[in-house]
Protein chains: 2
Amino acid sequence: MSAGGGAAQGGESLLFLTDEQLRKGIEAMFFAYRGFTADPDRILENYAYGRAHHRAIHFIHRQPGLTVNTLLTVLGVTKQSLNRVLRTLVEDGLVESRVGRRDKRERHLHLTEKGAALERELSDAQRARMRAAYRAAGPAAVAGFRQVLEAMMDPELRRFYQMMKDGGA
Amino acid sequence: MSAGGGAAQGGESLLFLTDEQLRKGIEAMFFAYRGFTADPDRILENYAYGRAHHRAIHFIHRQPGLTVNTLLTVLGVTKQSLNRVLRTLVEDGLVESRVGRRDKRERHLHLTEKGAALERELSDAQRARMRAAYRAAGPAAVAGFRQVLEAMMDPELRRFYQMMKDGGA
DNA sequence: ATTTTATGTCAGCCTTGTTGACTTTCCAAG
DNA sequence: CTTGGAAAGTCAACAAGGCTGACATAAAAT
């Protein structure tokens, strides 16, 4: 690691805030995100689905029964965009869309067994890479990793993230 | 933070490798990446450019004179895809494409003053968010952040990242 | 002289984002 | 009770930016 490159720096130094350090962080995000999505992307090719389907499946699994509108906000896309993805998932029998009991305008989303199976396949792959990275870096690094990511989020998304963080709604 | 949530864990514990912890890391990556790209995306709208243009500009700035082929590999897209982006940047006078001196097949890419100005605008915005996140999390967290990201990269991309890391080629 | 490499280009396709216009459903105010 | 607005969803059309395949050119390497 180059001059000023990290934990050895410690306490009060502000060297970790140089433009150079920030640029390294930016590039690290870029390259790491490629790795982060690589394994699920490979799997999705076998099913003719894309990253958008993965994201929908992930959060439906995460919070069974969530409404389309909530999912919209979490994913940050338009309802039209999400609808296209959701429709194929429903047609293919991976997602069930149940009309709300109280409010019949709402659709509550659930994974079918088939959907849950794909979710498992995708998240197993993604977790495997994450686990390897966590193990290589160690628990203290992981805590820092999460802290920085959290601080990087838009406040509204951070709220969502934290709501879901501890086993959410 | 929930049970097993971080640095307090310390040393030998493996609780940071539970599926739940990994899932949180996955979601943190997802939400943080949205924040990571949000500011440049907003700026790019004013110029009718997209994220693809930003990435090209970033790495041309980062490594002036790099060849099309190198940029291709770093970005992980096809030459047709990159070419479309690069052509508009050259046409608009943001990037200069110089025929190689030694090998005249190669095109060496440079930012013009106009291109450098846009690069500055974009990276100022992106660095501002990164700086705020770094400052909020502190130097130790930043070191961990970088460690985990690095471990998450595909080996080939990690090589590129490390080559460029300390002020590159 | 031939083959390989680096680049560029044309055409066409797919995914996933966008906006705009419209329907259905629900709720609440008059 | 009716009417008007908000919420949810659908359809259509478009754009960005990925992709593949086919092909051209120039330079380098064999």
Side-chain angles (χ1 to χ4, degrees), chain A residues 30 33-34 37-38 40-60 65-92 95-109 122, chain B residues 30 33-34 37-38 40-60 65-92 95-110:
Chain A
F30 173 68
Y33 200 77
R34 291 256 297 278
T37 56
D41 282 355
R42 259 189 297 276
I43 292 169
L44 288 159
E45 275 174 20
N46 306 328
Y47 296 88
Y49 292 140
R51 217 174 274 181
H53 301 83
H54 181 194
R55 293 195 284 255
I57 287 173
H58 174 95
F59 285 108
I60 295 172
L66 90 176
T67 66
V68 172
N69 211 12
T70 306
L71 186 52
L72 232 50
T73 317
V74 170
L75 296 179
V77 297
T78 60
K79 60 180 177 174
Q80 294 90 330
S81 198
L82 175 58
N83 193 257
R84 181 172 30 202
V85 164
L86 229 37
R87 190 172 22 185
T88 74
L89 291 175
V90 170
E91 277 169 7
D92 297 353
V95 167
E96 213 183 326
S97 169
R98 302 183 194 154
V99 173
R101 284 176 300 111
R102 283 196 328 229
D103 187 335
K104 290 178 198 156
R105 289 171 305 181
E106 293 180 342
R107 303 301 143 91
H108 297 268
L109 303 169
L122 291 168
Chain B
F30 172 69
Y33 200 78
R34 291 256 296 277
T37 56
D41 282 356
R42 258 188 298 276
I43 293 169
L44 288 159
E45 275 175 20
N46 306 328
Y47 296 87
Y49 293 139
R51 218 174 273 181
H53 301 82
H54 181 194
R55 293 195 284 257
I57 288 173
H58 174 95
F59 285 108
I60 295 172
L66 90 176
T67 65
V68 172
N69 215 5
T70 305
L71 186 52
L72 233 49
T73 317
V74 170
L75 295 179
V77 298
T78 59
K79 64 175 178 174
Q80 294 91 330
S81 203
L82 176 59
N83 194 256
R84 181 172 30 197
V85 164
L86 227 39
R87 190 172 24 187
T88 73
L89 291 175
V90 170
E91 278 169 6
D92 296 354
V95 167
E96 213 183 328
S97 170
R98 302 183 194 154
V99 173
R101 283 177 300 112
R102 283 196 328 228
D103 187 334
K104 291 179 197 157
R105 290 172 306 180
E106 294 178 342
R107 302 301 143 90
H108 298 269
L109 304 169
H110 298 263

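Everything numeric in this text was worked out from a predicted model, so none of it was measured. Order of the sequence lines fixes the chain letters, A, B, ..., with proteins taken first and strands second; residue numbering starts at 1 for each chain.
If you check distances only, the side chain of B/R84 does reach the base of D/dG18 with a donor-acceptor pair under 3.5 Å.
Atom CZ in A/R102 sits roughly 14 Å away from atom C1' in D/dA7 (whole-Å rounding). For the pair B/L44 CG and D/dA15 P, the computed distance is 19 Å after rounding to whole Å. A straight line from CD of A/E45 to P of C/dC13 spans 20 Å, rounded to a whole angstrom. In this structure, CG of B/L75 is placed 13 Å from C1' of D/dG17, rounded to the nearest angstrom. Put simply, CG on B/L89 is 10 Å from P on D/dG17, counting in whole angstrom units. The CG atom of B/L82 sits 14 Å away from the P atom of D/dT20 (whole-angstrom rounding). Rounded to whole angstrom, the span from the CD atom of B/Q80 across to the P atom of D/dG21 amounts to 10 Å. For B/R105 and C/dT3, the CZ to C1' distance is 12 Å, given to the nearest whole Å.
Here the closest non-hydrogen pair linking A/R34 and B/T73 is NH2-O, 4.1 Å. The heavy-atom pair separating B/H108 from B/G65 by the smallest distance is ND1-O, 2.7 Å.
Set against D/dA8, D/dA28, D/dG17, the side chain of A/E106 has D/dA8 as its closest nucleotide. You'll find that the side chain of B/K79 is closest to C/dT7, out of C/dT7, D/dG17, C/dC26. Checking C/dT7, C/dG17, C/dT16 against every side-chain atom of B/N69, the shortest atom distance belongs to C/dT7. Candidate nucleotides D/dC23, D/dG18, C/dT18 were compared by shortest atom distance to the side chain of A/T78, and C/dT18 ranks first.
Counting heavy atoms from C-beta outward, B/V95 and B/V85 have side chains that stay 4.5 Å or more apart. Within the 4.5 Å cutoff, no side-chain heavy atoms of A/N69 are placed close to those of A/E106.
Using a 4.0 Å heavy-atom distance criterion, A/T67 is classed as making no nucleic acid contact. Counting any heavy atom pair closer than 4.0 Å across all strands shown, A/G100 reaches no nucleic acid atom.
Between B/Y47 and B/Y49, the ring-plane angle classifies as parallel under the 30° and 60° cut-offs. A parallel orientation is assigned to the rings of A/Y33 and B/Y33, their planes being inclined by less than 30° (bins at 30° and 60°).
Not one side-chain nitrogen or oxygen of A/R87 sits closer than 4.0 Å to the OP1 or OP2 atom of C/dT16. Contact between the side-chain N/O atoms of B/R98 and the OP1/OP2 oxygens of C/dT7 is not found at any separation under 4.0 Å. Regarding contacts with the backbone of D/dG9, every side-chain N or O of A/N83 stays at 4.0 angstrom or more from both OP1 and OP2. In this model, the phosphate group of D/dG17 is approached by a side-chain N or O of B/H53 to a distance below 4.0 Å at OP1 or OP2.
Position along DNA chain C of the nearest nucleotide to A/D103 versus A/G50 favours A/G50 as the more 5'-ward residue. Where A/A52 and B/L86 meet DNA chain C, the nucleotide closest to each residue was compared, and B/L86 sits on the side nearer the 5' end.
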